[in-house]
Structure formats: structure tokens, C-alpha cells
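Data first, discussion second: the structure below is written as C-alpha cells.
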Amino acid sequence: MPHREPILLNINDNEANRYAVTRILRASGFQVAEGGTGTEALQLAAELRPDLIILDVKLPDINGIEVCRRLKSDPHTSNIVVMHLSANYIRTENKVEGLESGADGYLTQPVDTAELLATVRSLLRLRRAEEDARRAAVQWKTTFDSLGDGVCLLDGQGRVMRANRFFLSLFGGREDAVLGQSFAALMREVASGEALPPSCGEALDCREEATVCLGSRWYRVAANPVDGDGGGVAGAVRILTDITPHRQLQEELRQRAAELAEADRRKDEFLAMLAHELRNPLAAIVNSLHLAEATQPQGAESRAMRVLTRQSQHMARMVDDLLDVSRFNRGHIELRRALVDLRQVVQHGVEARRQSLLDKGLHLELTLPPEALWLEGDATRLEQVVSNLLDNARKYTPVGGHVFVGVTVESRGVEREVVLRVKDSGIGMSPELQARVFELFVQGEQQLDRSRGGLGIGLTLVRRLVELHGGTVRAFSEGEGKGSELVVILPLAAQAVASSPVEARVAAPEAGVARRVLLVEDNEDTREVLRELLEMWGHQVEVAEDGFRGVERFPSLRPHVALVDLGLPGMDGFQVARRIRESEGGQDVYLVALTGYSGEHRSRAVEAGFDLHVVKPVKPDELERLLSQLPARTPRA
């Protein structure tokens, strides 16, 4: 800040001397006020607050030595520079006494004009420097105390030499209780015996940061050594930052994450339970439809029956997709890898969905290479990829549209890849939708009536299944109304296979051979419909509505095959399997697990002794084929 012009006060009872000094000072541009007594000196100093007082030692009322002492002892005038100027007290001891009284300078008369002015200017510079330093110290102290962190400076013995207001507040707020005390001891006291990190200890050369709890609040303690002139450590700085709100936020986030994880777990449990509750009635419906169809005269199938069959199959697929998403999220999807001909998989998938495309009036075109395309994968899951891609094309392509399915082989360096393309002439996709189309529950624009249906999970499953096979999937569209193309790229097997692997042959029994079947199922509708189907196929059937009765009836029936629901009351299907295997003849029966839950029970079923794990609703033709071509059970170790 700019300095004002200095004001000088000339106190001398000798008018001639006072006049001469005042004239010299004013001629050099100084503002000068005058007085002739010690009383006037004290009064004018209080009123004018001059920058410098030229004070004669010999005054008629109060001598200059006493006036100087009074000025320096008064806080309001202690900063005024005092210079003694005397014509009588000129000995060395007089100068010493004057300076000891608090005077900043001492000159004797007669004084050379140049010496007087040089001394005055020197003392004024000193005063200005002191004011600047004092101002800077005040600013530094204000800044130091306004810091939101606790800061302290330690000496070479680890004692607190300086501390700001926040730091003092941590230890009671009083300087006398903190300054000069050991920092480590202070920290141990407020930590109530808790173990403290090195940054809170005696080691001055520590540079670590650590988190500590002091009372009910958390602090981050940063440590930095202060280097001495000789290269050693002369002290240290410690900074304590209150991170309690941050810790509370972290704890809230952890709690929220735990709540979300628990909600996700409950959601997965709900989905599994929902699948069970949906699949049981679905199984009864599907089997009843098959039973009704089988008992009707040839060609008498009604339109209503066809609708029921088609919609029940559609509902079963949606339940499977929903549960697959849940299994993916929990990491429970495992591929049953084998050498698979993708050409055959695509052909099967297209044939399975062909009728639904034709029913909507869509033109289907399929292009396949003549040679087999072998890769390591799960044929069932790959066919699910094809089906979901075709379902997506059917859903978003209007009546009369075109759906193209093509498979080609492309080379990338020394590696060969198979490329599956499903292209339609449907509603297309915006750039924003292309970027998100494989995310869960993302769908193209739906009308209020949701005429296109679906859950928005089919393409999510496609992406995850393709990635499990080491491949990628991309979506392309020139824009809304211009159709879409979904491209799947999968790695071919390292070694080409010239012909199909030899399938294990199972000797088919003579036509019409009846099987003894034990059916353990707690759902009455599913149980009764399955019984009718089995009996219609000519098998001898014994039913049990719970696990206890199933185990009880096994010895008398000695069945060829036992169909056991896993979700039985009292004794579940896993326990039933173990009890049957332990009983006489239990190693000979072919055990089939039926479940409305998702596929993660497969490994548990094998461990319990089941030969086969089937998810409801069981397709009647598959069950009939199983019973007619009952494979020999693999002996267990």
C-alpha cells in the first residue's frame, strides 16, 4: 500500500535550537510540528501519531529520557520512532541511557545538517520496514488462522512452536496448553490410546500421510520435514485435515452399495422364484396342449389350439431369456463346449423360427457356404443367438418386409473368422440407439399398445453369449426407416474338421416297450398331465406328490427312470436322488431332474446323482424320445 508523507514532531525548550532543526527538516520536505515541554510531547504524540519525534533530553517539566520511556510503554505510541537530540547531555553514558530508555537514535548538538537528515531518513526507513513487516505478519497470521486445516510447526525436538487457530481448537483452544508441548504426546492424548501412524509420532523425517480418528472425527495427517542449514532435519510441519464428511460419504456409499447388492441378490432370487412359479403352470399348459393334440383326430387341430401352442412357446422363451440375464449377472452361465458346425446351428435356428417369420408375412432369405464351419462352442447357446437375432428382425420389420441371413468366412491375417449377418428392411435405428442397442432393457421405439412386445433383453443375451464364445457383435443402420444389420463375428476352430464327429450311438429299444416310470412332482396339474402323457405312450407310471412318498415307492416299483422335481416340499429333489442312489437298485435307475428354477442347479443335480437336468416346461417330444431311447446310465465312481 502507498506510504503517506511522514510527520515529524520536534520537541525542544530552546527556541533557537528548535527553530533551526525545524527549518532544516521543512526545507527537506518534511511536515514538522513543534513543542517545548515533555507534557506537550506526550500530548502531541497521542494526537498526531507522528512518524518520528526529535526529543531534547533536557526539558523544563519532564526530561526526555522519561518522556521516551512513557511513549514506548504506551501501546498507542510505542511504534513512534524517537531520536534524542541534546546540546547538554553529550557524553557516552548519556547516549547509552537514552538508547536504553527506548530511543531509536541519539545525536548531540551542534549537529551537521547532512548527518541530521541522513539519520532521520534512516530511522524513517527503519520504521517503514517495521510497519511493512508488522503488516505482513498480521496478514500471515490472519491467513494462517483462517486455514480450514490444522497446521503446526515443530522444532528439532518435535515440540509445537507455532500453531494456527484450527489446530489449537483440537486441543482445547489455548496456546499455553499446546505451544512447547510434544506433538506426539498431544496426539496420543486425544487419540485415547488408539494406535497412531508414523505421521503422528516423534520421527521428524516422516513424509507419510495417514488417517486417524481423534475423538469422534476423522483426520488426514500429512507430515513434511523441514531441512536445516547443515542438511539435517531442523523441524517438521504437520497438517491435519478434517475428512469426517468424506468418510461419512464413503460410508454412505458403501452402505448404499451393500443395499444395492442385497437388492440385486433379492431380485435374482425373485427371478428364480418367478421362473419356478411360471414354469410349473407352463409345463402343465404345454403338456396339456400336447395331450389334447394327440387325442384329437388327424387334421382336427383348431386355430385356438395353434394359438395356445405358439403363445405358450413364446412365453417359455421369454422366461428363459429373463433367467439367462439373471444368470449372466451372477456369473452362473457356463458353456458346454464341443466342436460345433456353425453352418448346421444357423440352419437349425432359422428353421425353428421360419414359421413365425412367414406368419407375419416376411420374406426370408438364407445363404450358407457349402462346407462345414467348425468352432469350439455350445450349440444350444449359439442357436439361441440365431433365434434372438431373428426374433429381433421379425419384431421390427413390418409386414411384407425382407429378412436376410448369411454366413461367410473371412480372414484376418493368419486367423479365420466366421461372420453371421442378419439384415432386415425394418424400422432401422438412430445413431443413439445403435450405440446402446445391446444394453439391458433398451428397445426401439414402442407404440402405446406395445405391439412389438418383448422385454428388451434379447440382444443383451446375444452380446454376452457371443463374447463368451470369444466373438463380437455389432449393429449397423443407415438411419430410421432404413433397416438394420446385426453382425456376429466368431473365431473358427484352430484345426479344420473334415467330417462330423462320430456321435455316440444309443441302441433304441423295440417299439412299444413300456418303461416303469416314477414321477415325483408336487404340482398337481403338472403331475396329472404328465401321468396321462406317459400312460398314453404306454408306460407304467407311479406318481408321488412329495419327496418322502417318492423315496417310499421306489423299492416296490424299481423304475427304469425316475422324473423328480427339484423344488419339492419337505425333502427336496437333491435329497430324493441321494436317498434313491443309496437304496437297493438305486444305481440302475436313470434319474432325471425336473426344475422350474434356472440352470445353475445343474452341477448340484449331478453331484446329487442325477443323470440328466431338464428345465421346465419339458418338451413332450423330447421326453418321449428320451424314454423310447433310454441311454445306459454311466456308472459312477
Side-chain angles (χ1 to χ4, degrees), residues 133-228 232-270 329-331 439-440:
R134 189 178 299 109
R135 231 177 346 256
V138 170
Q139 292 174 351
W140 180 87
K141 179 66 173 173
T142 302
T143 303
F144 191 49
D145 283 336
S146 66
L147 292 175
D149 299 336
V151 184
C152 68
L153 177 65
L154 311 184
D155 65 10
Q157 284 72 48
R159 296 171 300 196
V160 179
M161 291 294 97
R162 290 185 181 179
N164 68 347
R165 185 179 293 115
F166 186 90
F167 185 89
L168 295 174
S169 69
L170 300 177
F171 303 94
R174 295 185 2 255
E175 286 189 349
D176 59 351
V178 174
L179 299 184
Q181 302 298 314
S182 165
F183 173 78
L186 290 171
M187 295 296 289
R188 285 194 294 269
E189 182 179 348
V190 295
S192 305
E194 295 290 330
L196 293 174
S199 59
C200 298
E202 287 85 358
L204 296 179
D205 58 350
C206 177
R207 295 180 181 273
E208 297 181 6
E209 281 194 4
T211 300
V212 298
C213 182
L214 303 178
S216 61
R217 301 191 72 80
W218 287 88
Y219 297 87
R220 182 176 60 250
V221 182
N224 291 284
V226 175
D227 296 332
V233 177
V237 175
R238 297 289 187 266
I239 303 174
L240 279 68
T241 304
D242 190 341
I243 58 170
T244 304
H246 179 66
R247 292 275 300 202
Q248 290 172 341
L249 179 60
Q250 282 185 323
E251 184 59 34
E252 290 173 4
L253 290 174
R254 278 194 293 267
Q255 184 176 351
R256 180 60 177 158
E259 291 173 354
L260 289 173
E262 175 63 16
D264 192 57
R265 185 188 66 80
R266 292 180 179 274
K267 177 261 297 178
D268 288 334
E269 288 182 352
F270 169 76
N329 291 339
R330 288 176 289 165
E439 295 177 13
L440 190 60

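Numbering of residues begins at 1 and proceeds along the displayed sequence.
For Glu259, the side chain to side chain contact (heavy atoms under 4.5 Å, CB included) partners at least two apart in sequence or on another chain are Gln255, Arg256. The side chain to side chain contact (heavy atoms under 4.5 Å, CB included) search around Val226 returns Leu153, Val237, not counting sequence neighbours. In this view, Thr244 and Arg217, Trp218, Asp242, Gln248 satisfy the side chain to side chain contact (heavy atoms under 4.5 Å, CB included) rule, not counting sequence neighbours. The ring-ring contact (aromatic ring centres under 6.0 Å, His included) search around Phe167 returns Phe171, not counting sequence neighbours. Applying the salt bridge (charged side-chain N to carboxylate O under 4.0 Å, His left out) test to Glu202 and every residue at least two apart in sequence or in another chain returns Arg188. Looking at residues two or more places apart in sequence or on another chain, you find a side chain to side chain contact (heavy atoms under 4.5 Å, CB included) between Glu262 and Arg265, Arg266.
Sorted by first and then second residue, the salt bridge (charged side-chain N to carboxylate O under 4.0 Å, His left out) pairs with a member in residues 149-171 read Asp145-Arg165, Asp155-Arg159; sequence neighbours excluded. Applying the side chain to side chain donor-acceptor pair (under 3.5 Å) test to every pair with at least one member in residues 168-183, sequence neighbours left out, gives these pairs: Arg174-Asp176.
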Identify every side-chain donor-acceptor pair in residues 203-212 under 3.5 Å, counting partners at least two apart or on other chains, and give the distances.
none

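Shown are Glu252, Glu251, Gln250; of these, the side-chain hydrogen bond (donor to acceptor under 3.5 Å, both in side chains) with Arg254 is made only by Glu251.
No side-chain heavy atom of Leu147 sits less than 4.5 Å from a side-chain heavy atom of Ile239.
Considering every non-hydrogen atom in both Gly235 and Val233, the closest pair reads O-CG1, 3.2 Å. Closest of all the heavy-atom pairs between Cys200 and Met187 is SG-CE, 3.5 Å. Minimum interatomic distance between Phe183 and Ser199 (heavy atoms only, all atoms of both residues): CE2-O, 3.7 Å.
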Give the C-alpha distance, both sets of side-chain angles, the deciding distance and a yes or no for side-chain contact (heavy atoms from CB on, under 4.5 Å) between Leu170 and Val190.
CA-CA 8 Å; Leu170 300 177; Val190 295; over 6 Å; no

